Amino acid sequence: MSDKSEACLKLLEMIDQKTAVIGIIGLGYVGLPLAIHFGRKGFGVIGFDLDSRKIDKLLHGESYIKHISSESIKEIFDAKQFDVTIDFSRLSEADCILICVPTPLTEKMEPDLSYLLQTTGTIAGNLRKGQLIVLESTTYPGTTQEMLLPRLTSNDMKVGEDFFLAFSPEREDPGNKKYTATNIPKVVGGITKSCLDVACAMYNSITRAVPVSSTQTAELSKLLENTFRSVNIALVNELKILAHKMGIDLFEVIEAAATKPFGYTPFYPGPGLGGHCIPIDPFYLAWKAKEYDFSTRFIQLAGEINVSMPYYVIEKTMEALNNHRKSLNGSRILVLGAAYKKDIDDDRESPGYAIMKMLLEKGAIVKYNDPWIPKLHTTRKYNFQMESTPITPELLAGMDAVIIITDHSDYNFAEIVEHSNLVIDTRNATKGIKGAREKVVMA
Ligand SMILES: NC(=O)c1ccc[n+]([C@@H]2O[C@H](COP(=O)([O-])OP(=O)(O)OC[C@H]3O[C@@H](n4cnc5c(N)ncnc54)[C@H](O)[C@@H]3O)[C@@H](O)[C@H]2O)c1
């Protein structure tokens with residue numbers, strides 16, 4: 001006799017036969033690709049989002065994320081695998097509900113769970129027997145157990161018997177063509193053994209599930225991954241500043257160290273951290289650690305170093321202009337790249353914005369170019385009201401300096417160096433360019 005409830009056995013069977021309907025809440029950088037992958041694997045998918053403009057676009061077969069093609073959306077619509085809606089009462093149609101809503105920080109750098117709690121309230125209002133709920137948004141250890149479980153549990157709804165609750169961190173790397181939802185393993189933690197089994201069965205149908213002993217373990221595993229990146233990036237950022245003083249090219253040093261076949265992973269310095277994950281996630285852990293009277297010193301220090309990098313870029317720019325007998329005040333500066341990393345259209349937390357703000361404050365005349373971001377969005381912190389300026393030899397020649405923030409593949413760096421008066425390269429993007437090295441300053 002099975003120790004699993006009838007609802008659990010039924011859901012396992014539906015997952016196995018791919019008749020389970022997958023509901024995805026939050027169709028952003030994480031939720032939309034996930035919907036496509038489940039659709040391609042033969043599951044019926046319903047996508048939910050509060051943003052009716054996104055839903056309208058999807059209903060017209062259009063993508064609003066550049067690296068996700070409209071064809072991939074049409075493909076799952078045409079196969080009748082996909083539906084999208086702003087009507088959350090339809091959550092009851094889904095057998096498995098995956099939560100992919102934002103988990104940002106408040107202005108005081110504390111976790112902002114407002115999106116998550118709103119979504120949980122909506123799910124609770126529509127919860128029915130036999131549903132699996134999985135939180136995919138990045139958060140601190142304990143969120144699933146402490147914040148979601150009590151809101152979903154009721155006298156008729158017992159976790160592990162009537163409904164199932166799990167956490168599985170999203171590891172999507174936008175723009176990465178080699179690793180996608182089909183070949184990135186999914187760490188899964190369940191509230192009960194049945195919760196774990198159902199969630200693993202669902203993820204095993206699109207990739208490889210990696211079961212762990214609790215939701216807390218799964219939550220912390222994601223924060224470990226991103227804190228690891230933040231700390232290592234801070235390390236190379238700090239070493240870059242030292243190497244400059246010593247007259248050593250740190251990028252060359254990293255390439256040399258990376259030839260060691262074990263015990264070393266290369267990380268690269270840059271103009272500062274960006275994106276929705278690395279600058280934010282470690283602070284979720286630091287915040288939770290305070291409950292245990294514990295200070296996460298590595299996170300603090302890495303944060304300080306990474307946040308200081310845009311200031312360093314400004315310092316190097318001023319120094320370079322000074323060598324040309326120019327001041328930053330009144331200089332024409334072209335910033336290349338508003339996206340936080342190459343070949344994507346995501347500008348969240350982009351260090352380019354901090355740099356542009358400082359340039360403007362110091363009296364520079366600023367233009368930007370980004371083939372992925374034609375117009376700068378208004379964010380909580382910035383309102384630049386700028387449009388991307390096309391790069392021409394005349395534009396480059398008319399600038400006092402060009403700052404490379406993002407090394408998009410579309411950029412022709414040889415031409416950029418050839419026509420510019422001065423190039424501040426924060427990414428080692430001009431590495432292969434032989435001529436006119438005297439114009440390039442590494443920052
Ligand atoms: N972007 C990444 O590379 C990445 C990678 C791994 C993990 N994550 C994590 O995944 C989560 C989502 O990130 P994202 O980058 O996809 O965010 P996003 O802003 O691109 O997408 C979130 C979507 O949720 C929608 N939304 C907000 N509140 C909602 C609600 N109450 N109901 C329904 N929809 C709602 C928004 O309209 C938006 O479309 C975050 O926790 C993030 O930390 C992101």
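If you read the sequence from its start, that first residue is 1, and numbering goes on from there. What you see is a predicted model, and the numbers here were worked out from it, not measured in a lab. As the structure lists them, so they are numbered: ligands from 1, and atoms in each ligand from 1.
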key: Proximity of S137 to ligand 1 by residue part, where a heavy atom lies under 4.0 Å   = both
Under 4.0 Å to a heavy atom of Y115 - the qualifying atoms of ligand 1, by number = 27 (C), 28 (N), 31 (N)
key: Distance-only N or O hit between ligand 1 and K222, under 3.5 Å   = no
note = closest protein heavy atom to atom 44 (C) of ligand 1 is V30 CG2, 3.3 Å
task = Provide, to 0.1 Å, the distance between atom 6 (C) of ligand 1 and the closest protein heavy atom, together with that atom's residue and name.
result = E170 O, 3.2 Å
query = Can you find an N or O of D281 that's nearer than 3.5 Å to an N or O of ligand 1?
reply = no
request  = Give the single entry among P174, G175, S114 that approaches atom 3 (O) of ligand 1 most closely by any heavy atom.
outcome  = P174
ask   = Looking only at distance, does F88 have an N or O less than 3.5 Å from an N or O of ligand 1?
value = no
query = Under 4.0 Å from any heavy atom of E172, which atoms of ligand 1 are there?
reply = 3 (O), 5 (C)
G26, P102, G121: member with heavy atom nearest to atom 27 (C) of ligand 1 = P102
D346, any N or O under 3.5 Å of ligand 1 N or O = no
query = Does D95 pair with R128 as a salt bridge, N-O distance under 4.0 Å?
reply = yes
message = Applying a heavy-atom cut-off of 4.0 Å, say which part of P169 lies close to ligand 1: side chain, backbone, both or neither.
response = neither
inquiry  = Quick test of your reading of the model: are K4 and D197 salt-bridged, counting only N-O distances below 4.0 Å?
reply    = yes
request  = Ignoring angles and geometry beyond distance, decide whether T103 reaches within less than 3.5 Å of ligand 1 through its nitrogen or oxygen atoms.
outcome  = yes
ask   = In terms of the angle between their ring planes, are F267 and F228 parallel, tilted or perpendicular, with boundaries placed at 30° and 60°?
value = perpendicular
message = Just by distance, no angles: are the side chains of D112 and T106 close enough, under 3.5 Å, to form a donor-acceptor pair?
response = no
message = We want to know whether T119 and T122 form a side-chain donor-acceptor pair, criterion being a heavy-atom distance below 3.5 angstrom.
response = no
ask   = Hey, are E146 and K288 close enough for a salt bridge, meaning a charged N less than 4.0 Å from a carboxylate O?
value = yes
key: D425 and K431 ion-paired at < 4.0 Å   = no
key: Residue, atom name and distance, where the atom is the protein heavy atom closest to atom 36 (C) of ligand 1   = D49 OD1, 3.5 Å
ask   = Of the protein's non-hydrogen atoms, which lies at the shortest distance from atom 15 (O) of ligand 1, and what is that distance?
value = R348 NH2, 2.9 Å
Atoms in ligand 1 with a heavy atom of I25 nearer than 4.0 Å = 32 (N), 33 (C)
task = Please determine, by modelled atom types, if Y29 and D345 share a side-chain donor-acceptor pair under 3.5 angstrom.
result = yes
query = Just how far is it from atom CE of M157 to atom CG of L152, taken to the nearest 0.5 Å?
reply = 10.0 Å
ask   = Which atoms of ligand 1 have any heavy atom of T119 under 4.0 Å away?
value = 30 (C), 31 (N), 32 (N)
ask   = Considering only heavy atoms of K54, which atoms of ligand 1 have at least one such atom less than 4.0 Å away?
value = 38 (C), 39 (O)
query = Where is the nearest protein heavy atom to atom 35 (C) of ligand 1: which residue, which atom, and how far?
reply = V101 CG1, 3.8 Å
message = Tell me whether the rings of Y353 and F384 are parallel (<30°), tilted (30 to 60°) or perpendicular (>60°).
response = tilted
key: Sub-4.0 Å heavy-atom approach of E136 to ligand 1   = no
D51 N/O under 3.5 Å from ligand 1 N/O = no
query = Which residue and non-hydrogen atom of the protein lie closest to atom 29 (C) of ligand 1, and at what distance in Å?
reply = L50 CD1, 3.5 Å
query = Starting from atom 21 (O) of ligand 1, which protein heavy atom do you reach first, and at what distance in Å?
reply = G28 CA, 3.2 Å
key: ligand 1 N/O within reach of T138 N/O, cut-off under 3.5 Å   = yes
N-O pairing of E13 and K10 below 4.0 Å = no
ask   = Between K186 and E170, does at least one N-O distance fall below 4.0 Å, as a salt bridge requires?
value = yes
inquiry  = Rounded to the nearest 0.5 Å, what separates atom CD in Q216 from atom OG1 in T144?
reply    = 7.5 Å
Electrostatic pair D281:R229 at N-O distance under 4.0 angstrom = no
inquiry  = Need the ligand 1 atom indices (1-based, order shown) with element for anything under 4.0 Å from a heavy-atom of Q118.
reply    = 31 (N)
ask   = When you measure from atom 13 (O) of ligand 1 to every protein heavy atom, which one gives the shortest distance, and what is it?
value = H276 CD2, 3.5 Å
